[in-house]
Structures are given as structure tokens and as C-alpha cells.
Novice: 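One structure follows; several queries about it will come next.
This chain uses plain numbering: 1 for the first residue, then up along the sequence.
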Amino acid sequence: MPINVNNGYEQFYKGTEPIKNYGSSEKGRKDKVVKYEFNTTDENGNKVMDKMSKEETMKAVNDISSQYGENVIVQFSGDGLAALADSKKFMSGREMTAEEVAAKEARDAAFQAENVTQLENTHRIVIPNYETNEQLYNSLAGASDSVINSTMGIISKYLMPNNTSGMSELERQDMIAFGLETAKYLSENYLDEAHAADYMLAMETIAKYGMNSSVSDNGKVVYNTQEGQVRMSGAPNNYVDMESWLKTNDTDLYNQINELNKSIISGKGGESHAAKFIELYTKAAKEILNASSDTKTDTDYADWKEKIEKTELPATFKNVKYNNFQSFFASLQNQSSLSNSWISENINRFMKWLNG
């Protein structure tokens, strides 16, 4: 039977997130967003509720919003909210004036601009080479969520982006160099000495993967990153897919990783994600790398690995200062093909990742 929304709203609650600097005055400042999601089907496509009428939608919005104080934004989503998305009326039913509509849209835009980077990088990246993946996540053991999220951002935005449309090849390489400098800032200020060296070795290897890529006419970046030598008996070829191997050889660990990824995507669990992710993926990589082997050395892989090792990283930035953000930002300017406005924008993005 579909859920009757009037029976309670607890099942629609999706968690809370802090807000940084939303509102210019103390009176109007917001410090938290609370999320509710009303979907008509679950993740398997099974029906769980009907779409809500306008009256049901307004009642749910009013009932839920009234539970929170003025410093909280309540966010509603889901295809079951039939009357909410396109509504341009106040809760009283009065039509909003053009000025009120414009003001609301401006507030929404400001909220998105301020908080979009706080919601980035929640997806944990698995580096396509097992040895590098293990080294990276071992080096992040004990690191905070903000450091791990920042690392994910550095890899996906600067070292191995999916698209570099509008950039020249020199700008793309300088962007990789910029990503390495932000990684160095993390290693200098947020990682202990025991982990910082391995972290930079892993990030430099990932940067080399980025250097050894090709870019299509439309800016799509294609990577030729090989997984690594498989050390296991009976493998059909010299490489193995982590998910497939775990599904066959360690079902429990496979299920734990799947559940963790679902939790990360849904925003549940908060600070526990970082430590658990490091634990499970490090364990998976070690199991694969330590599995018994009767395979021979693969010549293509050996040649590829030698090419990666011999790749020279761009020496774009010199005399960079890592002691604080102001000196870090200043020392990166006027040293590359990247404009100072690009440097400024991406340093601000990096700061928000760290402060998220």
C-alpha cells in the first residue's frame, strides 16, 4: 500500500548539512539546511506513495517547516511533491509579485553559489591502478572528511578531469601543476610526516596519468590508465576488475562497499564516511594485490608503467609558499598560462572544500 503522508514525515527525512555564510546580517543568517524527499517510488522502482495534491503538499511544507527555527532552511524534493516545484505563491496562497519572485530567485542563486562546492566531491574516486589506489588511500588513513573531499576535488577537477573544453594544451598542463600545488598545500598543513610523503607520491603518479592522456576536439579527456598486474591464480587475463573480483572472492566486503557508497551518495553517516571508506578500499586493494598468482609478467603493462615513471611533471610554479592561504594564493599568481582570475576562483573553491 502507498504511504499516507499524513501519518508522519520521519520516513522522508534525509538529513542536515551546515551552511557557511548564508545571510549578510546576524538576524537573517542561516546556519543549517534540513532535507526532506518525497518520491513516489523507491530505488527499485516499487511504488511507495501517490503524488500529493496541492493541499497535501502545502500541509506537509507547513507542518515540517514549523518544527524548525528561523536559522534553518528546510529543503523539499521528490516527484511526489506535485504542487511545490512550479508554485510561485506564498504559503497563504497569494501570488508573489514580480519583485518578490526576483528576490526569491536571487536568494536561491546566492544559496547555490555559496554552497555548491560544499556538496562537491562526496563521490569517492577509485584510481584505475591498484597500486596507486592503495598508496593514496593508505596515505589518507586518519585524515578528515574535508581533506579527503579536497583530494577527490583535486583529482577530478585538476589532475584527471573528464573535460577541458576551452583550454589549450599548455593551460591543461598548467592546471595539472596547479592541482599538484594544492595537494602539496594539503600535505604540508593537514597530513602528518608519516603520511605526507606517500600522499605526494600517489598524487604525482595520478598527475602523470593526467599528462599521459589525449583530448578530443570537443574537450573530452581520454585516459589510458592500466589497472596493474593481477596477482591471482586462474585469472582470465592479466587484469581484474575490483568489483567483479570482490563479488566472486569476498562477498561480505563487496556488500559493505556497496552499502557504504549508497550511504555516501545519500548523505548519511557524516564524519564516519572517511575512516570507513579508507578501511574498506585499502582492505580490498590488499586482498587483490596479495592474491596468489601463476600469471606471467605482461609486457604491455611493464612498458606502460615505465612510460609513466619517466613522465616529467610540469615545473610551472616556483617558490610557492604553503604557510597560509594568502601567501599561497599570492605565490601562484603570474607564473602560468592560467589567468589570475582563474587562479583566484579555484583557490576560493579549494578553500571551500577545506572549510566544508
Novice: Is a side-chain N or O of W353 found less than 3.5 angstrom from the main chain of M152, in a donor-acceptor match?
Specialist: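 Pair absent, no side-chain N/O of W353 close to backbone of M152.
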
Novice: When you measure from the side chain of E171 to the backbone of S168, do you find a donor-acceptor pair of N or O atoms at a distance under 3.5 Å?
Specialist: yes

Novice: List the steps, then state whether side-chain hydrogen bond (donor to acceptor under 3.5 Å, both in side chains) holds for N149 with S146.
Specialist: CA-CA 5 Å; N149 286 346; S146 63; over 6 Å; no

Novice: Using the salt bridge (charged side-chain N to carboxylate O under 4.0 Å, His left out) rule, collect all pairs that involve residues 188-205, keeping only residues at least two apart or in two chains.
Specialist: K184-E188

Novice: Closer than 3.5 angstrom, by distance alone: can the side chain of R349 be matched with the main-chain N or O of S344 as a donor-acceptor pair?
Specialist: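 Looks like no, no N/O pair under 3.5 Å.
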
Novice: Restricting to non-hydrogen atoms, name the atom on N212 and the atom on I308 that form the minimum distance, rounded to 0.1 Å.
Specialist: ND2-CD1, 3.6 Å

Novice: Distance from Q333 atom CD to S341 atom OG, nearest 0.5 Å?
Specialist: 10.0 Å

Novice: With a 3.5 Å distance limit and no angle check, can you tell me whether E37 reaches the backbone of K14 through a side-chain donor-acceptor pair?
Specialist: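 Side chain of E37 to backbone of K14: no pair is present.
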
Novice: Salt bridge or not between D50 and K47? Use side-chain N to carboxylate O under 4.0 Å.
Specialist: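 A salt bridge is present here (some side-chain N lies under 4.0 Å from a carboxylate O).
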
Novice: Can you name the closest pair of heavy atoms from T132 and A202 and give their distance?
Specialist: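 Closest heavy-atom pair between T132 and A202: CG2-O, 4.0 Å.
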
Novice: Which heavy atom of Y223 sits nearest to which heavy atom of G210, and what is that distance?
Specialist: CE2-CA, 3.7 Å

Novice: Looking only at heavy atoms, which two atoms of S187 and M200 are closest? And how far apart?
Specialist: OG-CG, 3.7 Å

Novice: Using modelled atom types only, decide if a donor and an acceptor are shared between the side chain of Y254 and the backbone of N249 within a distance under 3.5 Å.
Specialist: no

Novice: I'd like to know if the side chain of T205 reaches the main chain of L201, judged simply by a donor and an acceptor atom lying under 3.5 Å from each other, with no hydrogens or angles considered.
Specialist: yes

Novice: Is atom CG of N324 surrounded by more than 12 heavy atoms (other residues, nucleotides or ligands) closer than 6.0 Å?
Specialist: yes

Novice: Ignoring hydrogens and angles, write down the donor-acceptor pairs under 3.5 Å from the side chains of residues 174-183, residues two or more places apart or on other chains.
Specialist:
residue	atom	partner	partner atom	Å
D174	OD1	T316	OG1	2.9
D174	OD2	S337	N	2.9
D174	OD2	S337	OG	2.7
E181	OE1	Y322	OH	2.5
T182	OG1	G179	O	2.6

Novice: State, with a plain yes or no, whether a side-chain heavy atom of S150 is found less than 4.5 Å away from one of V147.
Specialist: no

Novice: Run the side chain to side chain contact (heavy atoms under 4.5 Å, CB included) test on M203 and I155 for me, step by step, so that the C-alpha distance in whole Å, both residues' side-chain angles and the decisive distance to 0.1 Å come before the verdict.
Specialist: CA-CA 8 Å; M203 294 298 273; I155 294 170; 4.0 Å; yes

Novice: Determine, stepwise, if the pair I206 / M160 fulfils side chain to side chain contact (heavy atoms under 4.5 Å, CB included).
Specialist: CA-CA 8 Å; I206 295 166; M160 295 184 71; 3.6 Å; yes

Novice: Taking it one step at a time, do L136 and T151 satisfy side chain to side chain contact (heavy atoms under 4.5 Å, CB included)?
Specialist: CA-CA 10 Å; L136 175 66; T151 299; 4.2 Å; yes

Novice: Might you point out which heavy atoms bring V221 and S213 nearest each other, and give the distance in Å?
Specialist: CG1-OG, 3.5 Å

Novice: Let me know which of F325, F329, F317, Y199 forms a ring-ring contact (aromatic ring centres under 6.0 Å, His included) with Y185.
Specialist: F325

Novice: Should we count CD of E312 as having more than 12 external heavy atoms under 6.0 Å?
Specialist: no

Novice: Applying side-chain hydrogen bond (donor to acceptor under 3.5 Å, both in side chains), run through N224 and Y209 and close with a yes or a no.
Specialist: CA-CA 8 Å; N224 179 33; Y209 298 157; over 6 Å; no

Novice: Give a yes or no answer on whether the side chain of N163 reaches the backbone of S165 with a donor-acceptor pair at less than 3.5 Å.
Specialist: yes

Novice: With distance as the sole test, does S139 use its side chain to make a donor-acceptor pair with the main-chain N or O of H195 at under 3.5 Å?
Specialist: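 Not confirmed, S139 side chain does not pair with H195 backbone.
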
